[in-house]
Amino acid sequence: MVEWIQGRVIGRRDWSDKLFSLQVQADLPAYQAGQFTRLALDLAGERLARAYSFVNSPSSDHHEFLLVRVQGGRLSPALGQLAAGDTLWLAPQASGFLTESEIPVGGRLWLLATGTGIGPFLSLLSDGAVARRFERLVLVHGVREGAELVYPELIAQYARQWGTRFAYQPLVTREPWPDALPMRIPQALAEGTLCRLLGISLDPAQDRVLLCGNPDMVADSLATLETLGFARHRRRAPGQVMMENYWSPASG
Ligand SMILES: Cc1cc2nc3c(=O)[nH]c(=O)nc-3n(C[C@H](O)[C@H](O)[C@H](O)COP(=O)(O)OP(=O)(O)OC[C@H]3O[C@@H](n4cnc5c(N)ncnc54)[C@H](O)[C@@H]3O)c2cc1C
């Protein structure tokens, strides 16, 4: 049986009417940047749990999660009601392989996310280990509306810290937005728009790519990368691309 750990919300930030971050205090065992845990609430006599990625570096004094209220969802709308002082449950064990130690050796690291899928990448970047290892870091965030381009201050801090070693490219599909590409990530990859804009070509010999979020983005981006000679990375069959789907394409 899971020994749930009680946490307390110590703050929240609303980015849009459905996108929000929760800051949580909880005495959790050690976890790695890029991992996720399960958050749970007791609803209608049942402890209902779902996976959520840590946004923070593990060295942070609190845990932070970036969530979207899924319309008709069972847990996320209830998590969206939480305010400072409320309690919730956290699973004792973190999981996930989007961690520095699992990423194969390479020169450049591309972090491609949609929506809340940027969470584990912010955790990895804030932790600093990938930044020490890779000579270039490219963070790409695809969203529908500009308000969903979360954590601009943190991203600006990375840019100050790492200068030209770090690039950030937002993509916004439903409205014009300054500096954002008006297309989805797979299209920007397939048409070469991202590479042209950033002045970098994608080369399996040196680039490593992490994909996180919408399963269609993950599948379509992987398909394009495969045409460029990239392969999915597995412990037993090393490749260059790692991924995490936030929901299943069949049910989403
Ligand atoms: C490894 C992992 C990490 C995750 N990390 C995060 C995170 O950091 N932040 C976050 O908000 N969510 C994250 N999720 C998704 C989260 O676990 C829940 O699936 C989500 O909050 C919906 O739960 P629900 O109970 O409200 O909806 P449910 O009642 O479980 O499901 C409603 C439907 O919505 C679909 N769905 C789930 N998520 C989304 C979405 N984002 N957009 C559209 N449809 C969706 C489900 O497939 C299902 O068909 C993660 C999922 C996984 C597998």
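Index from 1, following the sequence. Because only heavy atoms are used, hydrogens play no part in the values below, and waters and symmetry mates are left out as well, while side chains stay in. Being a predicted model, the structure only gives us computed values, none of them experimental. Ligands are counted one by one from 1 in listed order, and the atoms in each one are counted from 1 as well.
Cation-pi check for Arg47 over Trp89 is met; the charged atom lies under 6.0 angstrom from the ring centroid and within 45 degrees of its normal.
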side-chain contact (heavy atoms from CB on, under 4.5 Å), that's the test. Do Leu202 and Trp110 meet it? Break it down for me. CA-CA 9 Å; Leu202 270 162; Trp110 295 69; 3.5 Å; yes
Starting from the C-alpha separation in whole Å, work towards a yes-or-no answer on side-chain contact (heavy atoms from CB on, under 4.5 Å) for Tyr158 and Leu122. CA-CA 10 Å; Tyr158 299 148; Leu122 297 177; 3.9 Å; yes
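Ligand 1 does not have Leu79 within reach: every non-hydrogen atom of the residue lies 4.0 Å or more from it.
For atom 26 (O) of ligand 1, the choice among Ser76, Gly80, Ser95 with the nearest heavy atom turns out to be Ser76. The residue among Tyr246, Phe54, Phe65 with a heavy atom at the shortest distance from atom 19 (O) of ligand 1 is Tyr246.
Dense packing is recorded around CZ of Arg69, with more than 12 heavy atoms of other residues, nucleotides or ligands lying under 6.0 Å away. Atom CD of Gln71 has 12 or fewer heavy atoms from other residues, nucleotides or ligands within 6.0 Å.
Atoms of ligand 1 found under 4.0 Å from any heavy atom of Leu67, numbered from 1 in the order shown, are 11 (O). Residue contact check: Pro77 has heavy atoms under 4.0 Å from atoms 26 (O) of ligand 1. Near Val68, meaning under 4.0 Å from one of its heavy atoms, ligand 1 places the atoms 11 (O), 41 (N).
Contact annotation for Leu48 and ligand 1: no heavy atom of the residue comes within less than 4.0 Å of the ligand.
Residue contacts with ligand 1: Ser248 is placed with no nitrogen or oxygen under 3.5 Å of a nitrogen or oxygen of the ligand (distance criterion only).
A salt bridge links Asp220 to Arg184: one of the charged nitrogens lies within less than 4.0 Å of a carboxylate oxygen.
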